[in-house]
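We number each residue from 1, following the sequence as shown. Hydrogens, waters and symmetry mates play no part in the numbers below; they use all other heavy atoms, side chains included.
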Amino acid sequence: MAKYSVRKYCIYSLLAVVPLGFLFKFYSGPGRRWFNDFGAGLLYEIFWILIVFLILPKKKWVNKIPLWVFLITCALEVLQLWHPKALEAIRSSFIGSALIGTTFSWWDFPHYALGCFIGWQWLRWLEKM
């Protein structure tokens with residue numbers, strides 16, 4: 001598939017994932033905690049996988065991108081245990097807290113792994129289109 005087509009479908013995918021991620025983050029009904037924290041985290045992984053693939057739309061990156069996204073987001077999760085002034089300043093804004101998080105949770109890791117697995121499958125699907 002041409003890079004243009006892959007990028008086009010990647011953008012379409014992001015147009016679905018981003019609003020769904022915000023919907024999960026601000027959902028207030030039954031299961032609110034799972035949607036707000038873990039479901040949104042799962043979509044966060046997919047978002048970053050799609051963003052990186054949009055920049056590097058090559059088949060050779062399909063297996064590497066989800067792994068790197070998982071490793072980096074796990075490192076960011078661990079950074080939530082550290083509270084220097086610089087990180088706290090970033091976390092004080094909505095965008096900062098959405099991008100690097102505010103609260104450490106062991107339960108984020110399996111959801112990150114699931115999100116990366118789904119994102120990996122998504123890339124494989126995009127690559128075949």
Side-chain angles (χ1 to χ4, degrees):
M1 173 187 271
K3 284 183 194 178
Y4 172 76
S5 295
V6 169
R7 284 190 167 127
K8 179 177 74 171
Y9 288 112
C10 202
I11 289 169
Y12 291 158
S13 296
L14 284 163
L15 289 173
V17 169
V18 170
L20 190 59
F22 282 113
L23 181 68
F24 274 38
K25 197 69 179 163
F26 296 111
Y27 173 74
S28 61
R32 172 179 58 246
R33 183 172 183 264
W34 185 87
F35 283 99
N36 295 168
D37 297 337
F38 307 122
L42 189 144
L43 291 167
Y44 176 79
E45 299 295 298
I46 295 169
F47 166 79
W48 283 112
I49 288 168
L50 290 170
I51 288 288
V52 174
F53 191 64
L54 182 65
I55 297 164
L56 303 168
K58 294 185 179 177
K59 188 174 184 125
K60 71 178 186 176
W61 293 107
V62 168
N63 293 326
K64 295 174 184 173
I65 291 169
L67 176 63
W68 279 104
V69 167
F70 179 72
L71 293 172
I72 291 168
T73 53
C74 285
L76 286 172
E77 183 69 24
V78 171
L79 273 177
Q80 292 174 25
L81 294 169
W82 192 36
H83 298 279
K85 288 182 182 183
L87 282 179
E88 290 302 306
I90 294 168
R91 291 177 182 136
S92 68
S93 72
F94 171 75
I95 296 294
S97 66
L99 290 177
I100 67 170
T102 58
T103 310
F104 178 84
S105 172
W106 284 107
W107 281 106
D108 282 334
F109 294 105
H111 293 89
Y112 290 168
L114 181 58
C116 285
F117 177 77
I118 293 168
W120 173 60
Q121 293 296 321
W122 202 313
L123 293 187
R124 293 179 67 208
W125 175 71
L126 285 175
E127 193 58 36
K128 292 177 183 174
M129 292 187 78

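A 4.5 Å side-chain heavy-atom check between Val18 and Phe47 finds at least one atom pair inside the cut-off. Side-chain contact between Tyr44 and Val69 is absent, with no heavy atoms from C-beta onward closer than 4.5 Å. In this structure, Asp37 and Ser105 have side chains that are not in contact, with every pair of non-hydrogen atoms separated by 4.5 Å or more. Contact of the Val6 side chain with the Phe53 side chain is registered, since non-hydrogen atoms from C-beta on lie closer than 4.5 Å. Taking the side chain as every heavy atom from C-beta outward, Arg32 and Phe35 never approach each other to under 4.5 Å.
Under a 4.0 Å N-O distance rule, the pair Arg91/Glu88 qualifies as a salt bridge.
Considering all non-hydrogen atoms of both residues, Gly21 and Ala40 come closest at O-CB, 4.3 Å. When every heavy atom of Phe70 is checked against every heavy atom of Ala113, the shortest pair comes out as CE1-N, 3.5 Å. The two atoms that bring Arg124 and Val62 nearest to each other are CG-CG1, 3.7 Å, heavy atoms only. The shortest heavy-atom contact between Gly115 and Glu45 is C-CB, 3.9 Å.
Without hydrogens or angle criteria, Glu127 side chain to Pro57 main chain gives no donor-acceptor distance under 3.5 Å. Panel note: side chain Asp108, backbone Phe38; no donor-acceptor pair is recorded below 3.5 Å. When atom types are taken as modelled, the side chain of Tyr112 and the backbone of Leu71 share no donor-acceptor pair closer than 3.5 angstrom.
The CD1 atom of Ile49 lies 11.0 Å from the CG atom of Leu14; values are rounded to the nearest 0.5 Å. The SG atom of Cys10 sits 10.0 Å away from the CG atom of Leu15 when rounded to the nearest 0.5 Å. Residue Ile90 holds its CD1 atom at 11.5 Å from OG of Ser97, rounded to the nearest 0.5 Å. With rounding to the nearest 0.5 Å, the separation of CD1 in Ile118 from CG in Leu42 is 4.5 Å. In this structure, NE2 in His111 is found 6.0 Å from CH2 in Trp34, a value given to the nearest 0.5 Å. From Arg7, atom CZ reaches atom CG of Leu50 across 13.5 Å, with rounding to the nearest 0.5 Å.
Other residues, nucleotides and ligands contribute more than 12 heavy atoms inside 6.0 Å of the CZ atom of Phe26.
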Stepwise ring pair (Phe, Tyr, Trp, His ring centres under 6.0 Å) check, Tyr12 with Tyr9: CA-CA 5 Å; Tyr12 291 158; Tyr9 288 112; 5.8 Å; yes
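In this pair, Trp120 and Phe117 present their aromatic rings tilted. The plane angle is within the 30 to 60° band.
For the pairing with Ile65, the side-chain contact (heavy atoms from CB on, under 4.5 Å) check across Leu123, Ile55, Ile51 returns one residue only, Leu123.
Side-chain contact, Trp48 with Thr73: no donor N or O sits under 3.5 Å from an acceptor N or O.
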